[in-house]
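Just so we're on the same page: letters track the sequence lines, and every chain starts at 1.
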Number of protein chains: 2
Amino acid sequence: MTDDGPGEVLDERYPARRVLNLIADKWTPIVLYCLAGGTRRFGEMQRRIPGLSKKMLIQVLRGLERDGLVHREVFQVVPPKTEYTLTELGRRLHEPVAMLCRWAADHVEELDAVERNRGSKSAI
Amino acid sequence: MTDDGPGEVLDERYPARRVLNLIADKWTPIVLYCLAGGTRRFGEMQRRIPGLSKKMLIQVLRGLERDGLVHREVFQVVPPKTEYTLTELGRRLHEPVAMLCRWAADHVEELDAVERNRGSKSAI
DNA sequence: CTGTATCCGATGGGATACTG
DNA sequence: CAGTATCCCATCGGATACAG
C-alpha cells in the first residue's frame with residue numbers, strides 16, 4: 001500500500017493541483033486561517049499578522065474575493081470601515097488548512113530541528 | 001466559538017507560518033504527495049507530474065532534502081540512477097498535505113465553479 | 001481607517017541547450 | 001538518465017508616498 005503503480009498522473013486537472021492554485025502562496029493560508037476566527041476588519045488583520053504589508057493583504061483578499069472564498073462588505077461611514085467574512089466555500093476550504101496548522105502546532109519540535117539544520121546547509 | 005478575541009497574533013513564530021515556509025509553493029506539495037506513493041526516480045516523477053520542469057523538480061527536491069523531508073540515494077551505475085524517498089518526517093508532513101488533496105478530490109464541483117467564475121472577473 | 005500608486009529588488013518558474 | 005547552466009520574463013513582496 002506504499003506504491004500506486006505506474007498509472008497515477010498528477011496533471012493540471014488533478015484536484016490537488018487546482019486547490020493549490022487557490023491557496024499555495026506565502027500569505028493566503030494564514031489570511032484564511034485568520035478569517036476563520038470570525039469577521040475581520042482590514043487593519044485588524046494587519047495587526048494580527050505581523051510582516052504582512054497592506055499591499056499583499058489587499059492582494060490576497062482580492063484574490064480570495066474573486067474566487068468566492070471571502071465576502072467583502074463596505075460600510076459608508078467615516079472613518080471607513082470594511083468587513084471581510086469567509087463564505088460557505090471559504091469555511092469549507094478552511095478545514096484542511098486548519099488541519100495543516102494544527103499539524104504544525106503538534107510538530108513544533110520537528111520544525112525547530114528543520115530550521116536548525118537549515119542554517120548549517122547551503123540554501124538550494 | 002467563531003471568534004478568538006483580539007489576542008491571537010499570527011507572527012512569524014506561529015507554527016503555521018513556519019510549516020508554510022516549508023511547503024507553500026506551486027510544486028512542493030505535489031512532489032511530496034507523489035513521493036508518498038513510494039520511492040521514486042527523477043524521470044519517473046517528471047512523467048507523473050506533467051508541466052513540472054527539470055529545473056523546478058530538482059529545486060524542489062533539493063529543498064526537501066535540505067529540510068530533511070526527503071532522502072536521496074545515488075547509484076553509481078550507467079545509465080545513472082537516483083532514488084528519492086520520504087524520510088520519517090516527510091511521511092508525517094505528508095499526512096496533512098494528503099488531507100488537503102483528499103479535500104480537493106471531494107470538492108471538484110466547487111473547484112469547477114471557482115474556475116468558471118474566475119474567467120468572468122478581472123484578475124486582481 | 002481603507003485603501004491606491006509606484007518603484008524596485010528577490011524569487012519563481014519556463015525554455016533551451018549542454019554534460020557525465 | 002540525471003542532472004547543470006543560461007537566459008528571460010512574470011509574479012512576489014517590501015517600502016514609501018499619497019488619497020478619500
Over how many whole Å does the gap from R72(B) atom CZ to dC1(D) atom P extend?
17 Å
Between dG3(D) atom P and E73(B) atom CD, what is the distance in whole Å?
13 Å
Look at R40(A) and dC1(C) and indicate whether a side-chain polar atom (N or O) is within less than 4.0 Å of OP1 or OP2.
no
For dG3(C), does OP1 or OP2 lie under 4.0 Å from any side-chain N or O of T82(A)?
yes
Tightest non-hydrogen contact, residues R40(B) and C34(B), listed as NE-O, 3.4 Å
Assign R47(B) to base, sugar-phosphate, or nothing according to its heavy-atom contacts below 4.0 angstrom with the strands shown.
nothing
Smallest separation among heavy atoms of L52(A) and Q46(A), with atom names:
O-NE2, 3.1 Å
If a pair means Watson-Crick or G-U wobble with both distances below 3.5 Å, what does DNA chain D look like in dot-bracket form, with | marking bases paired to a different strand?
||||||||||||||||||||
Rounded to whole Å, please give me the gap between CD1 in I58(A) and P in dG13(D).
16 Å
Can you tell me if R41(A) touches the phosphate of dC1(C), counting only side-chain N or O atoms and a distance under 4.0 Å to OP1 or OP2?
no
Can I get a per-line list of side-chain donor-acceptor pairs under 3.5 Å for residues 13-32 of chain B, giving both atom names and the distance, sequence neighbours left out?
residue: Y14(B); atom: OH; partner: Y33(A); partner atom: OH; Å: 3.0
residue: Y14(B); atom: OH; partner: E8(B); partner atom: OE2; Å: 3.4
residue: R17(B); atom: NH1; partner: P50(A); partner atom: O; Å: 3.3
residue: R17(B); atom: NH1; partner: L10(B); partner atom: O; Å: 2.8
residue: R18(B); atom: NE; partner: E115(A); partner atom: OE1; Å: 3.4
residue: R18(B); atom: NE; partner: E115(A); partner atom: OE2; Å: 3.2
residue: R18(B); atom: NH2; partner: D112(A); partner atom: OD1; Å: 2.6
residue: R18(B); atom: NH2; partner: E115(A); partner atom: OE1; Å: 3.1
residue: D25(B); atom: OD1; partner: W27(B); partner atom: N; Å: 3.0
residue: D25(B); atom: OD1; partner: T28(B); partner atom: N; Å: 2.9
residue: D25(B); atom: OD1; partner: T28(B); partner atom: OG1; Å: 2.9
residue: D25(B); atom: OD2; partner: T28(B); partner atom: OG1; Å: 2.7

With sequence neighbours excluded, tell me which residues meet salt bridge (Lys or Arg N to Asp or Glu O under 4.0 Å) with R91(B).
E88(B)
Donor-acceptor contacts under 3.5 Å from residues 69-86 of chain B side chains, at least two apart:
residue: R72(B); atom: NE; partner: Y84(B); partner atom: OH; Å: 3.4
residue: T85(B); atom: OG1; partner: T39(B); partner atom: OG1; Å: 3.0

E83(A) CD to dC1(C) C1', in whole Å, measures 13 Å
Tell me what Y84(B) touches on the nucleic acid: a base, only sugar-phosphate, or nothing, going by heavy atoms under 4.0 Å.
sugar-phosphate
For atom CG of L57(B) and atom P of dG3(D), their distance in whole Å:
9 Å
With side chains defined as the heavy atoms from C-beta onward, is the minimum distance between L89(A) and V114(B) less than 4.5 Å?
yes
Spacing between Q76(A) atom CD and dT2(C) atom P, to the nearest angstrom:
13 Å
Rounded to whole angstrom units, what separation is found between the CZ atom of F42(A) and the C1' atom of dT4(C)?
11 Å
With no hydrogens and no angle check, is any side-chain donor or acceptor of E44(A) less than 3.5 Å from a backbone partner on R41(A)?
yes
What string of B, S and - do you get for nucleotides 13-20 of chain C 5' to 3' if you count protein non-hydrogen atoms under 4.0 Å?
BBB----B
From CZ of F75(B) over to C1' of dG3(D), roughly how many Å is that when rounded to an integer?
17 Å
Atom of F42(B), atom of L61(B) and distance for their closest heavy-atom approach:
CD1-CD1, 4.1 Å
With sequence neighbours excluded, give me every salt bridge (Lys or Arg N to Asp or Glu O under 4.0 Å) pair touching residues 95-106 of chain B.
none
